[in-house]
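Notes follow the structure.
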Amino acid sequence: MPQYIDDPTLPKPSFPGSHMVIDDHYVFISGLTVTDLSNGEATRGDVKEETRLVMRELERMLKQEGGSLADIVRVDIHLADIKQINALDSIYAEFFEPGRYPARTCTESPNICGGSTVEITLMAKRPPQE
């Protein structure tokens, strides 16, 4: 049976959804932006810093469920300006072992919630439960 979890360190979602949904095999994390993070406002508009903060937060969320970034199998990224993809990629790649990148989609979404320039959502393999 899926578990629907709202992370207590993040603002309650303003949409009808959960921060995370966990089933027996996967962890699904809803789109995350720096607007969702208490320390994110100062970085809004800087693609590299937004990417770094969001990836660190996603890593923290996975760790609290016993996982890691190495468990990610799929990522969806929305950029306010697709021309910033190289800047995003220069930071994003640092979070993975070279050659072991998750499947990924990256689209231009000029109206990301809260005025952020990057939104990232993911799906990760859940570690075996004891």
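Computed over heavy atoms, backbone and side chain alike; hydrogens, waters and symmetry mates excluded. Each residue takes its place number in the sequence, starting with 1.
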Counterpart residues, salt bridge (charged side-chain N to carboxylate O under 4.0 Å, His left out), relative to [X] (two or more places apart):
X     : answer
Lys83 : none
Asp6  : Lys12
Asp89 : Arg104
Glu65 : none

* Asked: Looking at Tyr26 and Val73, what are the two nearest heavy atoms and their distance?
  ->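 In this case the closest contact between Tyr26 and Val73 is CE2-CG2, 4.2 Å.
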* To do: Of all the heavy-atom pairs spanning Ile82 and Cys106, show the shortest one and how long it is.
  =>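 Heavy atoms only, the tightest pair is CD1-SG, 4.0 Å.
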With [X], which residues qualify under side chain to side chain donor-acceptor pair (under 3.5 Å), at least two apart?
X      : value
Thr107 : His78
Ser90  : none
Asp71  : none

* Asked: Can a salt bridge be assigned to the pair Arg60 and Glu57 using a cut-off of 4.0 Å between side-chain N and carboxylate O?
  ->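 Counted as a salt bridge, because a side-chain N and a carboxylate O are separated by less than 4.0 Å.
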Would you give the length of the straight line joining atom [atom1] of [X] to atom [atom2] of [Y], rounded to the nearest 0.5 angstrom?
X      : Y     : atom1 : atom2 : value
Cys113 : Phe15 : SG    : CZ    : 8.0 Å
Ile22  : Ile5  : CD1   : CD1   : 3.5 Å
Asn86  : Ile91 : CG    : CD1   : 12.0 Å
Arg100 : Leu69 : CZ    : CG    : 12.5 Å

* Do Val75 and Ile120 pass the side chain to side chain contact (heavy atoms under 4.5 Å, CB included) test, and can you show the C-alpha distance, the side-chain angles, and the key distance before you say yes or no? -> CA-CA 7 Å; Val75 174; Ile120 303 174; 3.7 Å; yes
* Candidate list Met55, Lys63, Met61, test side chain to side chain contact (heavy atoms under 4.5 Å, CB included), partner Glu59, passing option ->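 The residue from Met55, Lys63, Met61 that satisfies side chain to side chain contact (heavy atoms under 4.5 Å, CB included) with Glu59 turns out to be Lys63.
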With a 4.5 Å cut-off on side-chain heavy atoms, are [Y] and [X] touching?
X      : Y     : value
Leu62  : Ile29 : yes
Met123 : Ile72 : no
Lys48  : Thr51 : no
Leu32  : Leu10 : yes

* Using the side chain to side chain contact (heavy atoms under 4.5 Å, CB included) rule, take Gln64 and Asp7 through it: C-alpha gap first, then chi angles, then the decisive distance, then the call. => CA-CA 10 Å; Gln64 80 183 17; Asp7 189 305; 3.3 Å; yes
Which residues pass the side-chain contact (heavy atoms from CB on, under 4.5 Å) test with [X], sequence neighbours left out?
X      : result
Asp76  : Arg74, Thr105, Thr121
Ser116 : Thr33, Val34, Thr35, Arg44, Glu50, Ile112
Glu49  : Thr43, Asp46, Arg52

* **For Phe95, ring-ring contact (aromatic ring centres under 6.0 Å, His included) partners two or more places apart** =>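 Partners of Phe95 under the ring-ring contact (aromatic ring centres under 6.0 Å, His included) test: none.
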* Only counting residues at least two apart or in another chain, list the ones meeting ring-ring contact (aromatic ring centres under 6.0 Å, His included) with Phe28. =>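 None.
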* **Heavy-atom neighbours of Lys125 NZ exceed 12 at 6.0 Å** =>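 Count over threshold, so yes.
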